[in-house]
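Naming convention: chains lettered A, B, ... in sequence-line order (proteins, then strands); numbering from 1 in each chain. The figures that follow rest on heavy atoms only: side chains count, while hydrogens, waters and symmetry mates do not.
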2 protein chains.
Amino acid sequence: MDTSVICPRFESAISILSQRWTGLIIYQLLSGPKRFSKLTEVIGISGRLLSERLKNLEAQGLVSRTVYPETPVRIEYELTEKGKSLKPVMDEIQSWSQEWIEAPPETTAETK
Amino acid sequence: MDTSVICPRFESAISILSQRWTGLIIYQLLSGPKRFSKLTEVIGISGRLLSERLKNLEAQGLVSRTVYPETPVRIEYELTEKGKSLKPVMDEIQSWSQEWIEAPPETTAETK
DNA sequence: ATATATTAGTTACTTTATGTAACCTATTGT
DNA sequence: ACAATAGGTTACATAAAGTAACTAATATAT
């Protein structure tokens, strides 16, 4: 049975974006290079999965990894051109969400 | 610990799209209403998961389900306005994939 | 020299999601 | 009554994700 009645490139793109966390990682990196610890903190992903995702994104040419041998060591993850070119996709998701997703109630501090 | 440093609406939108299969289901329905069996066939998803995903999409107001009591019964799934409004997102993913994903080699018949 | 602090991960283990295939229900044509 | 068809559901196996403790490398403090 042939699964790929759908355009294989589109399917491939969707499979990248439909993997949990990758969208958020790319979104965060669109605002500039980030360190490992910053990403875990801001996204709420575990080290285990972040590590795995970053390796995949690197292998797919979307993200580059740079080591700065300072002390303590600083390692930055940055989008490549291919990664940055996803900005229009993220922008569309963003604007769709603003129009169609209703604001969730505040859980922490009430904004009155 | 606060996970949502990211805009909650964006996070919510991403969580819909980053669930496996939902992107492809929406993409298929953008070209018009489809039946259950057609979706399984064209996407390559199992009945179990398609059923689950369609229920979620319905609950989220992205898809509507219509029963036509013909014989045999015909049930059609169709995007709501909210669902259709994802077209620009899908279009951006499509055009990104055309520019940045390389064509995979033909596996079935060689196109020479 | 030893102890401590910091970043960036990895390992071992549990829980949840997905894949697979057989089965069920309702309707109708034979 | 029996088979055929659409649209699912159930039970079970495998893969992915969540959690928390641990490790490696380097530099500063004692």
Side-chain angles (χ1 to χ4, degrees), chain A residues 1-6 11-12 14-29 32-60 63-79, chain B residues 1-6 11-12 14-29 32-60 63-79:
Chain A
M1 190 200 292
D2 189 8
T3 298
S4 318
V5 183
I6 296 163
E11 212 174 351
S12 173
I14 276 279
S15 83
I16 293 171
L17 295 174
S18 73
Q19 200 175 32
R20 197 165 194 182
W21 303 115
T22 47
L24 286 180
I25 293 168
I26 290 165
Y27 178 76
Q28 282 302 313
L29 294 180
K34 300 262 176 315
R35 306 172 69 165
F36 192 92
S37 51
K38 178 70 179 174
L39 287 171
T40 57
E41 174 199 324
V42 96
I43 296 178
I45 187 180
S46 70
R48 191 180 84 69
L49 281 189
L50 180 58
S51 175
E52 192 181 302
R53 289 298 186 271
L54 287 171
K55 276 179 193 164
N56 287 345
L57 289 171
E58 224 189 317
Q60 286 165 132
V63 164
S64 68
R65 179 181 187 271
T66 311
V67 180
Y68 297 92
E70 304 170 353
T71 179
V73 67
R74 180 166 57 101
I75 294 171
E76 288 202 335
Y77 292 92
E78 185 174 11
L79 292 178
Chain B
M1 191 199 294
D2 189 7
T3 299
S4 316
V5 184
I6 297 164
E11 213 173 351
S12 172
I14 275 279
S15 83
I16 293 171
L17 295 173
S18 73
Q19 203 174 186
R20 197 166 194 182
W21 303 116
T22 46
L24 286 178
I25 293 169
I26 291 166
Y27 178 76
Q28 281 303 312
L29 293 180
K34 301 262 176 317
R35 305 173 68 168
F36 191 92
S37 51
K38 179 69 178 174
L39 287 171
T40 57
E41 175 200 322
V42 94
I43 297 178
I45 187 180
S46 70
R48 190 178 85 69
L49 279 190
L50 180 57
S51 175
E52 191 181 303
R53 289 298 186 271
L54 287 171
K55 278 179 191 162
N56 286 345
L57 289 171
E58 224 188 319
Q60 287 165 132
V63 164
S64 67
R65 179 180 188 271
T66 310
V67 180
Y68 298 91
E70 303 171 354
T71 179
V73 67
R74 181 166 56 101
I75 294 171
E76 288 201 336
Y77 292 92
E78 184 174 12
L79 292 179

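Atoms CG (B:N56) and C1' (C:dT16) sit 14 Å apart, rounded to a whole Å. Between A:I75 atom CD1 and C:dT7 atom P there is a gap of 12 Å when expressed in whole angstrom units. Between the NZ atom of A:K38 and the C1' atom of C:dG9 there is a distance of 19 Å, rounded to whole Å. The CG-P distance, from A:L50 to C:dA8, rounds to 10 Å in whole Å. Atom-to-atom, CG of A:L54 to P of C:dG9 comes out at 8 Å; the value is rounded to the nearest Å. When rounded to the nearest whole Å, the span between CZ of A:F36 and P of D:dA24 equals 17 Å. Straight-line distance from the CD atom of A:E41 to the P atom of C:dG9: 16 Å, rounded to whole Å.
The minimum heavy-atom distance linking B:T22 with B:I16 is given by the pair OG1-O, 2.8 Å. Considering all non-hydrogen atoms of both residues, A:I43 and A:W21 come closest at CG2-CE3, 3.5 Å. Here the shortest heavy-atom pairing between B:L39 and B:Q28 reads CD2-CB, 3.9 Å.
Using a 4.0 Å cut-off, some side-chain N or O of A:S51 falls inside it from OP1 or OP2 of C:dT10. Between A:S37 and C:dA8 there is a side-chain N or O to OP1 or OP2 distance below 4.0 Å. Between A:R35 and the phosphate of C:dA8, there is a side-chain N or O to OP1/OP2 separation shorter than 4.0 Å.
When side chains are defined from C-beta on, A:V63 counts as touching A:L79, because their heavy atoms get closer than 4.5 Å.
Residue contacts shown for B:Y77 are limited to sugar-phosphate atoms, with no base heavy atom under 4.0 Å away. Among the heavy atoms of the strands lying under 4.0 Å from B:K55 are primed sugar atoms or P, OP1, OP2 only; no base atom is included.
Remark: B:Y27 pairs with A:F10 by the ring pair (Phe, Tyr, Trp, His ring centres under 6.0 Å) rule, at least two apart or across chains. Applying the salt bridge (charged side-chain N to carboxylate O under 4.0 Å, His left out) rule to A:E58 yields no partners; only residues at least two apart in sequence or on another chain are considered.
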Stepwise side-chain contact (heavy atoms from CB on, under 4.5 Å) test for B:N56 and B:Q19: CA-CA 11 Å; B:N56 286 345; B:Q19 203 174 186; 4.0 Å; yes
Under 4.0 Å protein heavy-atom contact, by nucleotide of nucleotides 18-30 of chain C - B base, S sugar-phosphate only: BBB-------SS-
